[in-house]
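A short worksheet on the structure shown next.
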Amino acid sequence: MVKVNWMNGIIEPKVNVEIESGKLSGEKVIEVTKRLKDLENIFSAENIRKEMTQDKIVYEVQAHLPVAEGTAAGLFFGTTIIHQGKVGNEYFMTKGHLHKKSDRAEYYWGIKGEGMLLLMDRDRNTWAEKMYKGSLHYIDADIAHRTVNIGDGKLIFGACWLSDAGHNYDEILMNGFSARLIEKDGKPNLVPA
Ligand code: S6P
Ligand code: ZN
């Protein structure tokens, strides 16, 4: 509930973010949950994914969308929580995407846990940037991005992107990233897909 004190023009904010957890509450906050059943053909071991408990949550996204998607020059702000887990020896991760408008960049920052930001350019060169509490990531325009939880708890990170960036999931669904983060001897290894 927004409290307005018209006597002095000072108002309460319409939305809050818990700094420690990234949790958003208030107006125009949406929530999306991705479970194993929603992530067909994302992990390399699709046969193993199919056999796992389909309702298991892989990641949750909250986003503050103050303007309609597609609005020029607006901003969106979100928090993603990737749960701890693996499909075979591949860590739980997001679907990954490019932006529909290819010249739109994005910021990510680490809030909690240990992760990797998988980045791929148009020539399909893939590299991984470490994510941790306080890490800051500028995702350049036209770079595909996916996040991976390599820790033993939840990975939580924040994001800020342009409201007209849009999401292109199809290219990643069709061609994937050229590398994957696989656990070997208890450590993450970036291996060709
Ligand atoms: C939006 C931003 C994040 C992701 C979220 C889930 O541009 O990058 O909010 O949407 O981390 O990832 P994905 O690949 O399923 O959208
Ligand atoms: Zn994005």
Side-chain angles (χ1 to χ4, degrees), residues 15 17 21-24 28-43 49 56-85 87 90-122 126-132 135-151 154-181 193:
V15 62
V17 54
S21 67
K23 192 173 168 44
L24 297 171
K28 301 189 177 174
V29 173
I30 59 120
E31 297 186 11
V32 179
T33 301
K34 296 285 182 199
R35 299 171 191 274
L36 278 170
K37 65 180 171 204
D38 305 314
L39 298 171
E40 210 175 327
N41 294 319
I42 297 291
F43 296 93
R49 184 201 62 88
K56 188 166 177 51
I57 295 176
V58 179
Y59 62 98
E60 300 164 78
V61 183
Q62 276 194 309
H64 178 232
L65 309 179
V67 293
E69 173 109 41
T71 303
L75 291 170
F76 290 156
F77 184 101
T79 300
T80 302
I81 303 172
I82 308 183
H83 291 225
Q84 196 270 333
V87 175
E90 190 172 18
Y91 301 95
F92 275 8
M93 61 186 183
T94 58
K95 286 170 77 171
H97 60 265
L98 283 150
H99 292 151
K100 242 183 218 157
K101 283 204 173 161
S102 57
D103 61 352
R104 298 302 196 252
E106 180 165 8
Y107 267 120
Y108 279 3
W109 57 96
I111 295 173
K112 196 178 180 157
E114 204 189 342
M116 291 278 185
L117 171 58
L118 213 57
L119 298 159
M120 182 174 74
D121 67 18
R122 281 285 175 191
T126 298
W127 65 102
E129 204 165 279
K130 288 181 182 176
M131 298 180 88
Y132 48 85
S135 63
L136 182 67
H137 312 271
Y138 181 74
I139 302 167
D140 223 331
D142 218 15
I143 298 288
H145 40 290
R146 159 180 282 167
T147 43
V148 186
N149 183 355
I150 60 160
K154 288 175 178 168
L155 172 71
I156 309 182
F157 64 93
C160 184
W161 67 104
L162 286 145
S163 50
D164 64 354
H167 292 93
N168 167 2
Y169 290 103
D170 292 352
E171 279 196 47
I172 298 301
L173 273 176
M174 267 188 310
N175 305 319
F177 280 70
S178 61
R180 293 178 175 275
L181 275 159

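Both ligands and their constituent atoms are indexed starting at 1 by order of listing. Owing to the predicted nature of the structure, the values given are computational and were not obtained by experimental measurement.
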Indicate yes or no for a side-chain donor-acceptor contact from [X] to the backbone of [Y] under 3.5 Å, with no hydrogens or angles considered.
| X | Y | value |
| --- | --- | --- |
| E90 | F43 | no |
| H97 | K95 | no |
| S163 | T71 | yes |

May I ask you to list the atoms of ligand 1 that are less than 4.0 angstrom from any heavy atom of [X]?
| X | value |
| --- | --- |
| H99 | 7 (O) |
| E106 | 1 (C), 2 (C), 7 (O), 8 (O) |
| F157 | 11 (O) |
| Y169 | 13 (P), 14 (O), 15 (O), 16 (O) |
| Y108 | 2 (C), 3 (C), 8 (O) |
| Y59 | 6 (C), 13 (P), 15 (O) |
| H167 | 1 (C), 7 (O) |

Closer than 2.8 Å to the Zn ion (ligand 2) - protein N, O or S atoms, ordered by chain and residue number:
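Per the 2.8 Å query on the Zn ion (ligand 2), atoms found are H97 NE2, H99 NE2, E106 OE1, H145 NE2.
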Among side-chain atoms of H99 and H167, is any donor-acceptor pair under 3.5 angstrom?
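The answer is no; no qualifying pair exists.
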Might you point out which heavy atoms bring E114 and L155 nearest each other, and give the distance in Å?
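Heavy atoms of E114 and L155 come nearest at C-CD1, 3.7 Å.
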Say whether K34 and ligand 1 are in contact under the criterion: heavy-atom distance to a ligand atom below 4.0 Å.
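For ligand 1, residue contact (heavy atoms, under 4.0 Å) with K34 is absent.
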Does the residue F76 have a heavy-atom contact with ligand 1, meaning some pair of atoms that are separated by less than 4.0 Å?
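False for this residue.
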Looking at atom 10 (O) of ligand 1, what's its closest protein heavy atom, distance included?
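It is H97 CE1, 3.9 Å.
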To which protein heavy atom is atom 5 (C) of ligand 1 closest, and what is the distance rounded to 0.1 Å?
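Residue, atom and distance for the closest contact: T80 OG1, 3.3 Å.
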For M93, which of N149, I42, L181 qualifies under side chain to side chain contact (heavy atoms under 4.5 Å, CB included)?
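Result: among N149, I42, L181, I42 is the only option passing the side chain to side chain contact (heavy atoms under 4.5 Å, CB included) with M93.
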Partner of I82 by side chain to side chain contact (heavy atoms under 4.5 Å, CB included), out of I156, T94, I150:
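It is T94; the other options fail the test.
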Stepwise side chain to side chain contact (heavy atoms under 4.5 Å, CB included) test for E60 and E31
CA-CA 7 Å; E60 300 164 78; E31 297 186 11; over 6 Å; no
Under the side chain to side chain contact (heavy atoms under 4.5 Å, CB included) rule, collect the residues that match up with [X], sequence neighbours excluded.
| X | answer |
| --- | --- |
| T126 | L118, M120, F177, S178, A179 |
| D38 | K34, R35 |
| N175 | R124 |

Does V61, backbone or side chain, put an N or O under 3.5 Å from an N or O of ligand 1?
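In fact, backbone or side chain, V61 has no N or O that close.
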Against F77, only a single residue in W161, Y108, W109, Y107 fulfils ring-ring contact (aromatic ring centres under 6.0 Å, His included); can you say which?
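Among W161, Y108, W109, Y107, the one meeting ring-ring contact (aromatic ring centres under 6.0 Å, His included) with F77 is W109.
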Proximal candidate to atom 12 (O) of ligand 1 [heavy atom criterion; set I42, T147, T94]
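Heavy atom nearest to atom 12 (O) of ligand 1 belongs to T94.
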